[in-house]
Amino acid sequence: MAFKNNLLVCTPLECGTAGEMLSSMKRAETEGADLTELRLDSLSFSHSSEVEKLIKQRTLPSIVSFRLEPSRISSNKDRKNTCLQVLRLAFDLNVEFVEMDYEVASEDAMAEYVYNRSNTKLIVSSYVNGRKPSAEELGYLIACMQSTGADVLKLVLDVEKITDLAPVFTMLTHCQVPPFQTKFKNIVIVAVYCILVGLLALNENYVVAYIFWGMFCLCLQMPLIALAVGSRGLISQLLGPKFGGFLVYGSLSDKAVPGMPTLLSLRQIYKLEYINADTKVFGLISNPVGHSKGPVLHNPAFRHTGYNGIYVPMQVDDVKEFFRTYTSSDFAGFSVGIPHKEAAVGCCDEVHPLAKSNCFLTEEVFVAQSIGAVNTIVRRPTDGKLVGYNTDCDASISAIEDALTERRITHKGVLQASPLSGKTFVLIGAGGAGRALAFGAKSRGARVIIFNRNYEERARALAKAVSGEALPYESLDRFRPVNGMILANASAIGMEPNPDQSPVSKEILKACELVFDAVYTPRNTRLLQEAKEAGAVVVSGVEMFIRQALGQFRLFTGGLAPEAFMRKLVLEQF
């Protein structure tokens, strides 16, 4: 079976029966897989003829693998013999790929099959668990794996932090080579390098060892597959092709795997076949990150405008460590989400003034440093400095103003001043989005009242900064609303997976002229539903999302954003 594309998308199949595996293979083909990995260690079979029948009935090119996991059966020896038997059978049947653990490939019992194989390509894999390997350690491991005579190498790592992936991208770059065009003809040379690098590593001379390994890789390159396990490892697949990876993994839509994109997202959203070494990387820095619709919006917009970029979700625990690790100009821009909007200010070399935003018309010019939060960071191409922006403010305040203006024009004609002027603006939440709303409302002449669970450190501090009033969240039910007030929810209350929650009672909503909810998943939150029933104008977080994304896109690309195209995309997705 031949491949149509240089980049291969593979779906791992772990099934209990051959019938289930064949059925899953057909679904993988429908969803866009180029090949499947048949994890035969998951398969229940009594005779090798069952495996032979499965392999012969495959409808897609396949990788046959059999991981040795002693905990699965009582006898390690029996398990190992079964593994060797299955892999030999796969070689005999000329399967496209056979994957072996590094330890198995080094076995004398497999030597005949390894060196006398015909059409089957050999993948030698190593699973790095329980520790964070350095680039030097990974380099040494790869050099040793090369000595087995493999056609392709594979690293599988458990990652605790997204920064653990940096050495993996380095290895992918070193191992760049068109797949299957390099063949080792002198294994002795490889072994000599392994011994030399090993001796240097044992003497803790890692710098020299790494130099020797780098020289070695330049002479003897080999395709590398890298897979990071866990939710923080997602970008190992999405960015792999940029750094030279030729194969990525994608799961079936109904069998989600942490850290692995779905086949449908790879084919419909990310379209990795368009990614190359010059592609600029953008992404959402947040935790959690799974709710984000940014990839659905920015990736099609990049392609629509012809911009060579990719936008990916990045689950980040420590934002400062993230920026210390990913310093390359390849990582060109970031959306900043919960809970990093305030901490990210300290990561910026500069924070851009918001004077040009029509978010500030009546007061002195504020900057994002005054707001104390950024939602966008761009790496300036000329000097690599990180510049922070806040597009949340204009996005949210303009959405609220436009909704109020539309209502008032209908009744009173054209307005000159901001419809927020003189209004009571009740804000729930004092995080990054809350701060943007508070400063924006204050600049429009509104009286700001802030409710937040963290009363002392958050609510009072923000109220002082905007000359407003702070109250504990627990007192919200006792709050005496002002007729015609504006209510804005900038907390996570009502966000999936808890869409049945609302931050306020229905009684308070009766006094509101307008209710804004920054939550956009779901689009029509319980708060907005109840506010509409109470007769208030409602503004969804989707509108804020669209407007701030348009601002971010302009900052990311340095050009105009395709507003009609992006708006249509978002409204179709929510």
Side-chain angles (χ1 to χ4, degrees), residues 293 297 301 354-363 366 371 375-376 389-429 433-448 466 483-490 509 511-520 522-525 527-529 531-532 534-555 560-574:
K293 301 295 184 183
L297 179 61
L354 295 179
K356 294 182 180 178
S357 167
N358 57 10
C359 194
F360 302 101
L361 296 178
T362 59
E363 294 280 319
F366 287 101
I371 295 177
N375 78 319
T376 310
Y389 301 83
N390 194 311
T391 65
D392 280 340
C393 178
D394 183 63
S396 56
I397 295 298
S398 66
I400 292 171
E401 284 187 316
D402 287 350
L404 288 173
T405 300
E406 182 178 349
R407 184 185 210 187
R408 293 185 178 187
I409 286 177
T410 303
H411 295 90
K412 299 181 180 180
V414 179
L415 298 174
Q416 300 297 325
S418 168
L420 285 174
S421 179
K423 282 285 186 180
T424 296
F425 192 96
V426 177
L427 175 64
I428 302 170
R435 294 184 69 86
L437 279 159
F439 275 90
K442 169 63 177 177
S443 73
R444 293 296 206 263
R447 171 187 170 229
V448 180
V466 297
N483 283 334
M485 72 181 192
I486 309 299
L487 176 71
N489 176 39
L509 297 175
C512 297
E513 180 179 356
L514 179 144
V515 174
F516 168 80
D517 197 342
V519 172
Y520 62 83
R523 178 179 179 178
N524 191 21
T525 62
L527 172 64
L528 295 183
Q529 293 174 35
K532 190 171 184 179
V537 175
V538 296
V539 179
S540 167
V542 172
E543 184 60 31
M544 174 184 172
F545 174 76
I546 292 172
R547 295 186 185 211
Q548 63 83 26
L550 288 168
Q552 287 185 337
F553 191 90
R554 297 183 192 104
L555 292 169
L560 295 175
E563 181 171 353
F565 177 81
M566 294 175 73
R567 185 174 289 277
K568 181 174 181 290
L569 272 176
V570 172
L571 295 179
E572 288 175 348
Q573 292 295 325
F574 285 85

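We use all heavy atoms of the structure for the numbers below, so side chains are in, but hydrogens, waters and symmetry mates are not.
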List the steps, then state whether salt bridge (Lys or Arg N to Asp or Glu O under 4.0 Å) holds for D402 with R547. CA-CA 12 Å; D402 287 350; R547 295 186 185 211; 2.8 Å; yes
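Side chain of S396 to main chain of M544: no donor-acceptor pair is present (N/O by atom type, distance under 3.5 Å, no hydrogens or angles).
Residues L437 and A490 come closest through the heavy atom pair CD1-CB, 3.9 Å. Across every non-hydrogen atom of A436 and D392, the tightest pair is CB-CB, 3.9 Å. Shown here for F425 and A446, the closest heavy-atom pair between the two residues is CB-CB, 4.0 Å. Here the closest heavy-atom approach between residue E401 and residue P419 is recorded as O-CG, 3.7 Å. The two residues V539 and E543 have their closest heavy-atom pair at CG1-CB, 4.4 Å. Of all heavy-atom pairs between A549 and M566, the closest is O-CE, 4.1 Å.
Residues that satisfy the side-chain contact (heavy atoms from CB on, under 4.5 Å) test with Q529, not counting sequence neighbours, are N524. Take V538 and apply the side-chain contact (heavy atoms from CB on, under 4.5 Å) test, not counting sequence neighbours, and it matches L528, A531, K532. Residues satisfying the side-chain contact (heavy atoms from CB on, under 4.5 Å) test with T424, not counting sequence neighbours, are V426, R447, I449, V482, M485. Remark: F553 engages F302 in a ring pair (Phe, Tyr, Trp, His ring centres under 6.0 Å) (not counting sequence neighbours). Qualifying side-chain contact (heavy atoms from CB on, under 4.5 Å) partners for T376, counting only residues two or more places apart in sequence or in other chains: V378, Y389, T391, Q552, L555, F556. Evaluation of the salt bridge (Lys or Arg N to Asp or Glu O under 4.0 Å) rule for D517 yields no partner, not counting sequence neighbours.
Taking CG of L297 as the start and CZ of F545 as the end, the distance is 5.0 Å to the nearest 0.5 Å. In this structure, the separation between CD1 on I486 and CG on L427 is 12.5 Å, given to the nearest 0.5 Å. Atoms CG and CG, from N489 and L527 in turn, are 6.0 Å apart once rounded to the nearest 0.5 Å. Atom CD1 of I397 and atom CZ of R444 lie 6.5 Å apart (nearest 0.5 Å). Atom CG in D394 sits 4.5 Å away from atom OG in S398 (nearest 0.5 Å). Taking CZ of R435 as the start and SG of C393 as the end, the distance is 12.0 Å to the nearest 0.5 Å.
Looking at R567 and E572, no side-chain N of the basic residue comes within less than 4.0 Å of a carboxylate O on the acidic one, giving no salt bridge.
Looking at heavy atoms from C-beta onward, V537 lies out of side-chain contact with V515 at the 4.5 angstrom threshold. The side-chain heavy atoms of L487 and F516, taken from C-beta on, include no pair separated by under 4.5 Å.
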